[in-house]
There are 2 protein chains.
Amino acid sequence: MTTAPKSGRKMIRVVIAEDQVLILGALAALLEIEGDIAVVARARDGQEALAAVLAHKPDVFITDIEMPHLSGLDVAAELKRQRTGTRVIIVTTFARAGYLRRALDAGASGYLLKDSPAEKLADAVRRVHQGLRVIDPELATEAWSEPDPLTDRERQVLRLAGEGTASGEIAEQLRLSEGTVRNYLSEAISKLGANNRVDAARIARAKGWL
Amino acid sequence: MTTAPKSGRKMIRVVIAEDQVLILGALAALLEIEGDIAVVARARDGQEALAAVLAHKPDVFITDIEMPHLSGLDVAAELKRQRTGTRVIIVTTFARAGYLRRALDAGASGYLLKDSPAEKLADAVRRVHQGLRVIDPELATEAWSEPDPLTDRERQVLRLAGEGTASGEIAEQLRLSEGTVRNYLSEAISKLGANNRVDAARIARAKGWL
DNA sequence: CGCGACGCATGACATTTGTCAGGCGCATCC
DNA sequence: GGATGCGCCTGACAAATGTCATGCGTCGCG
C-alpha cells in the first residue's frame, strides 16, 4: 500500500497508547502492514503507556489524549521532563486549539486528528522519526489563536459545575467557601461571554480548555 | 494471528462505516489481515453507507452510531425495512442500554464496544455471518433493564437545559410558558433522581435516553 | 360515558445561582 | 518597599431555578 523496505534492520520502533482496545488493535494493525514500522508495545492508559515507553525506549510514541489515570498530554510532559528522546505523536478526536497548544508545550512532535486519512499515520511516524514536526493542517492555522483565559481554580470549579454539581458540593470538594465558588463561576462566565455556568462549561470544553 | 483459510472463494464480504477516517482505515486493516474477510467498501457517513450497502450487497455491514447525516441506527433501520439480508454490527464507544435497545429494534445482529478486544471484531463478523447474534457481554446483562421514563416534552426540555439554555429561552424555543418548562424539568429531575437540571441531563445522556 | 394520562398553564414559595463591592494575606517584580 | 496580581474570603442583593398545589382541555380506553 505504501513504501515498505523489507530489511529486517532499521525498523522504526513504536509504542501505542489508546484506551479503546478495539481501536488500539486496529491502529496497530494499520502500522504493522507497513514494512518499516514495528509496534513493540501497546498501552490502555497513561500509566501503562509511561511504563511501556520507559521500558522499551521506542523511536516514536503514539498516544490518544483522553485516557484513564494519566492523559496523553501528561505522559508527553513527563517524557519531556525525563529527556527520553522518544518523539511523541498525539492522535485525537478533538480539533481544539487548546489541546494542540498544550500538546506542543508538552513537547509533542506531531498532532493528528482521527478523521485525517489513514495513510497519514504511517507518514507521520516516519517524518517525526526524522526529526520533523507534523501538525494536522486543520489545526495548524487556528492554533495560536485565543489563549485559555481561565485560571486553574476557575477550571476546576467549572469542570464540576458542568457536571451538575451544586455550588455547595463544589465548595466542599475543593475546600473552598461557597461564596468563593460562586465568585469563580461568575468570573468564568464573564470571561467566556456565557449566560450561566453550564453554558460556560460547554464553551470551555469546545475550546479544549477544560 | 487468527484462523485464516487461504481460499480465494467464500470470503465474507464486508462494508464498514465510520466517520473518523483514520479509525475507518484502521478497522479495515484489522479485518483485511484475516484471510476470510474482504472489505468491499468504506463509508464516512450514514448516507454513503446506505448507498454502499445497497450497491454492494455485502454479507455484513459494520457501522458506528454517531455519524453525520444518518446515524448508524437509522441506516440499520432502513436496511431492515428494505429487507436487504445484510447483517448489521454496531460498533460504538457507548455502553448505553438505550442505544443497544434501539440497535436491536433496528434489526442489528451485533453490538460491540470500541473497548472490547480487537480479535472480537473478526469473530463477530464470522458469527453474525452465520446467523448468530453477538452482544457485548458488558451490555447483555443490563440491556433490558430500565426503560426510558421520560416523556417527549421532558426529553426536549432536558436536552436544551443540558446545554446551558435558560428556562425562558427554552420556553420561547418550544413555545411553552416558562413555568411549564420548570415543571417539566422538575419532573425529569425527580424521575431521574438528580439534584438539578444539569445533573438530570448528564444522567439521561449516560443512559442513552437523550 | 367517565376515568386517567398527558400537555399546558398559574401562582406562591424556598433555594440556588449570579453579581458586586469590598477586605486580607502572600508572592513577585520593578 | 510599594505596586500589582492572585487566591481566598465576606456579605448583600437580584435573578434564575426547583417544588407544590391546583386547574383546565383533550385524547384514548374500557
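Everything numeric here is computed off the predicted structure, so don't read it as measured data. Lettering follows sequence order; numbering is per chain, from 1.
With axes fitted over five pairs at each extremity, the angle between the ends of the helix from C/dC1-D/dG30 to C/dC30-D/dG1 is 30° (10° resolution).
Rounding to the nearest 0.5 Å gives a distance of 13.0 Å between CZ of B/R126 and CG of B/L132.
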Could you go through residues 49-65 of chain A and list every donor-acceptor pair under 3.5 Å that involves a side-chain atom there, pairing it with any protein atom two or more places apart or in another chain?
| unit_1 | atom_1 | unit_2 | atom_2 | d |
| --- | --- | --- | --- | --- |
| A/H56 | ND1 | A/A52 | O | 3.0 |
| A/D59 | OD2 | A/R13 | N | 2.8 |

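Ion pair A/E163/A/R159 not flagged as a salt bridge, since none of the NZ, NE, NH1 or NH2 atoms sits closer than 4.0 Å to an Asp/Glu carboxylate oxygen. Electrostatic pairing of B/R155 and B/D152 counts as a salt bridge here, judged by a charged N lying under 4.0 Å from a carboxylate O. We find that A/D123 and A/K120 are not joined by a salt bridge, their nearest charged nitrogen and carboxylate oxygen being 4.0 Å or further apart.
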Table of protein N/O atoms under 3.5 Å from nucleotides 24-28 of chain C N/O atoms:
none

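In this structure, CZ of A/R175 is placed 19 Å from P of D/dG7, rounded to the nearest angstrom. Here C/dA5 presents its C1' atom at 11 Å from NZ of B/K191, a figure rounded to the nearest Å. Note: CD (A/E172) to P (D/dC9) measures 13 Å, nearest angstrom. The CD-P distance, from A/E169 to C/dT15, rounds to 18 Å in whole Å. Rounding to whole angstrom units, CD1 of residue B/I170 and P of C/dG7 are separated by 16 Å. Atom CG of A/L192 is separated from atom C1' of C/dT19 by 16 Å (rounded to the nearest Å).
Taking every heavy atom of both residues into account, B/E18 and B/L24 meet most closely at CG-N, 3.7 Å. Here the shortest heavy-atom pairing between B/A166 and A/N196 reads N-ND2, 4.5 Å. Annotation for B/I203 and B/A194: closest pair CD1-CB, 3.9 Å, computed over non-hydrogen atoms.
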**Request:** Would you mind building the protein contact string for nucleotides 10-24 of chain D? One character per nucleotide, 5' to 3', B for base within reach (heavy atoms under 4.0 Å), S for sugar-phosphate only, - for untouched.
**Result:** B-B----BBBB----

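Legend: residues meeting side chain to side chain donor-acceptor pair (under 3.5 Å) with B/R127, ordered by chain and number and at least two apart, are absent. Among residues two or more places apart in sequence or in another chain, the side-chain contact (heavy atoms from CB on, under 4.5 Å) test is passed with A/N183 by none.
Under the 4.5 Å side-chain criterion, counting only non-hydrogen atoms from C-beta, B/V134 is not in contact with B/S109.
Phosphate proximity of C/dC8 to B/Y184: present, with a side-chain N or O under 4.0 Å from OP1 or OP2. The phosphate of C/dC8 (OP1 or OP2) has a side-chain N or O of B/R153 nearer than 4.0 angstrom.
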